[in-house]
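So that the names make sense, note that chain A is the first sequence line, chain B the second, and so on, each numbered from 1.
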2 protein chains.
Amino acid sequence: MTELATQNNKEINKKERILDSAEALFAQHGYDGVTIRQIAKLAEVDVALANYHFGKKLDLFHAVFDRRAQQLSDQRHKLLAAQQSSMQTLEQVIEAFLMPLKMAQQTEDPGWRNYLALLAYVMTSPVWNKIMMSKFFDKRVVEFIAALKDIFPNASEDKIHWCYHYMSGALALTLAQTGRIDRISNGKCQSTDFDTAYELMVPFMAAAFRKVCD
Amino acid sequence: MTELATQNNKEINKKERILDSAEALFAQHGYDGVTIRQIAKLAEVDVALANYHFGKKLDLFHAVFDRRAQQLSDQRHKLLAAQQSSMQTLEQVIEAFLMPLKMAQQTEDPGWRNYLALLAYVMTSPVWNKIMMSKFFDKRVVEFIAALKDIFPNASEDKIHWCYHYMSGALALTLAQTGRIDRISNGKCQSTDFDTAYELMVPFMAAAFRKVCD
DNA sequence: TTGCCTATTCAACAAGTGTTGAATATAGTG
DNA sequence: CACTATATTCAACACTTGTTGAATAGGCAA
């Protein structure tokens, strides 16, 4: 995200090409919906090379997920900690939570957009959620919820958790880019329009949080 | 839902046992994460029987999805149409949209809970969303959005669509029952607690809709 | 040159996949 | 009983899966 976009790397680093291809395919078809051979074909490398670099298929999946998770998680932590002063508003906290994803999408690197879809896949999967989300993101969510507790000192913890859950769901469906909002709105809204999605999401969620937690 | 729960059907109707087993496995592992042999084993029938009754694997998937989709869609339509009078409040409209899912969960039949997770899988999947959701549910969503337009005559259509999108995401993550809210809240909240999830969701979404669309 | 390490390809394995046709059981009808 | 249609099982097929060990290429140091 801070680095330059590494697009059009078709002639260099095969190792990263494997990661990029796996990322794109896993994001769209899920773990079981993708074969190593499909990944290798898209990356234009031999089938055995993925195994050489990353080991088993499951290890490759972890490698794909971890590559950008660290960056994303760090960004969230920075933004939340930066405004750790007790002057923070609800809108600021929500924005700090969403901003890294918005920035990831705005990068020229198309890999980031694929990664966000992969993140949505992991978030909504009953089997992957525990395994993958606890590695990096759960810690940041705890920080986010702590900030919410400061803002709503009188709210029960349960309500805050459920409110976060709703926001997390809205976020996940946005990241997934299923194309449903395009279809239902007859093309007037677009799944790929993250700017609008995030812009509207902040006041939407802020009002909802206040209603339930205040 | 209106019929009696058909639990403990282990000694009868093998055809329905296949559907039930496929439903449970597809919901948890997705389409590609499940083999016909796993389904047959769980249903305690021969591998070839699934093919005999439902044809190809993809046809079985459709059969599983369609079985309860019709009921769910009809319920939504009834509830929305019943209060078609211009006296309906925002809360009533949202409740009419969520109620069928709440009722499905409250049934004794554990198959319904599996089905809701399957629905979440389809809703969040980039590949399945278009194929499956357009068959039954898109029509009801259009009705739901029409009701929202009546309530917010001055709101732009885009905003209404995005608000629906957020709610749909929150709903999908709830249906998915990933166990994440359990983990983050240290067990204080539970993914299976649909009652609380729906109860809080109505005021949450109502306030959010008003903020953005009013 | 030789030697060595890493990267990459090739060919192949054993296991598992969806699917199918024939064989067998079951139940209902005359 | 026999006849028939449906339901179920059995065995096997052709194909794909992840994975691996041996073979090859390329770069770099001595």
Participant: Does B/Y52 have a side-chain nitrogen or oxygen under 4.0 Å from the phosphate oxygens OP1 or OP2 of D/dT8?
Facilitator: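 No, because none of the side-chain N or O atoms of B/Y52 sits under 4.0 Å from OP1 or OP2 of D/dT8.
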
Participant: Between A/N51 and D/dT20, is there a side-chain N or O to OP1/OP2 distance below 4.0 Å?
Facilitator: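 Looking at the OP1 and OP2 atoms of D/dT20, one of them is under 4.0 Å from a side-chain N or O of A/N51.
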
Participant: Output the rounded distance in Å from CG (A/L25) to P (D/dT17).
Facilitator: 12 Å

Participant: For the side chain of A/A48, counting heavy atoms from C-beta on, which of D/dT19, C/dG18, C/dC10 is nearest?
Facilitator: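 It is C/dC10.
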
Participant: Please determine, for the side chain of B/L49, which listed nucleotide (C/dT9, D/dT8, D/dG18) has the closest atom?
Facilitator: D/dT8

Participant: Nearest-Å distance, CD (B/E16) to P (D/dT8)?
Facilitator: 12 Å

Participant: B/H53 side chain N/O closer than 4.0 Å to the phosphate oxygens (OP1, OP2) of D/dT6?
Facilitator: no

Participant: Give the rounded distance in Å between these two atoms: CZ of A/R37 and P of D/dT17.
Facilitator: 6 Å

Participant: How long is the line joining CG of B/D46 and P of C/dA25, in whole Å?
Facilitator: 14 Å

Participant: Hey, is the side chain of A/K56 poking within less than 4.0 Å of OP1 or OP2 on D/dT20, counting only N and O atoms?
Facilitator: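 Yes, within the criterion.
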
Participant: Heavy-atom distance under 4.5 Å between the side chains of B/S73 and B/K139, does that happen here?
Facilitator: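 No, their side chains stay 4.5 Å or more apart.
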
Participant: Give a yes/no on whether any side-chain N or O of A/K15 is located under 4.0 angstrom from OP1 or OP2 of C/dT6.
Facilitator: no

Participant: Rounded to the Å, how far apart are A/K41 NZ and D/dT17 P?
Facilitator: 11 Å

Participant: For B/F61 and B/W128: C-alpha separation, side-chain torsions, deciding distance, then whether ring-ring contact (aromatic ring centres under 6.0 Å, His included) applies.
Facilitator: CA-CA 11 Å; B/F61 188 66; B/W128 294 114; 4.6 Å; yes

Participant: In whole angstroms, how far is the P atom of D/dT19 from the CG atom of A/D59?
Facilitator: 8 Å

Participant: Separation of A/L58 atom CG from D/dT17 atom P, in whole Å?
Facilitator: 18 Å

Participant: Mind calculating the distance between CD (A/Q38) and C1' (D/dT16) to the nearest angstrom?
Facilitator: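 After rounding, the reported distance stands at 11 Å.
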
Participant: Starting from the C-alpha separation in whole Å, work towards a yes-or-no answer on salt bridge (Lys or Arg N to Asp or Glu O under 4.0 Å) for B/R67 and B/D20.
Facilitator: CA-CA 10 Å; B/R67 176 169 60 150; B/D20 291 340; 2.9 Å; yes

Participant: Using the ring of each side chain (for Trp, its six-membered ring), is A/Y198 parallel, tilted or perpendicular to A/F194, with breaks at 30° and 60°?
Facilitator: tilted

Participant: Any chance the rings of B/Y121 and B/F26 have centres within less than 6.0 Å?
Facilitator: no

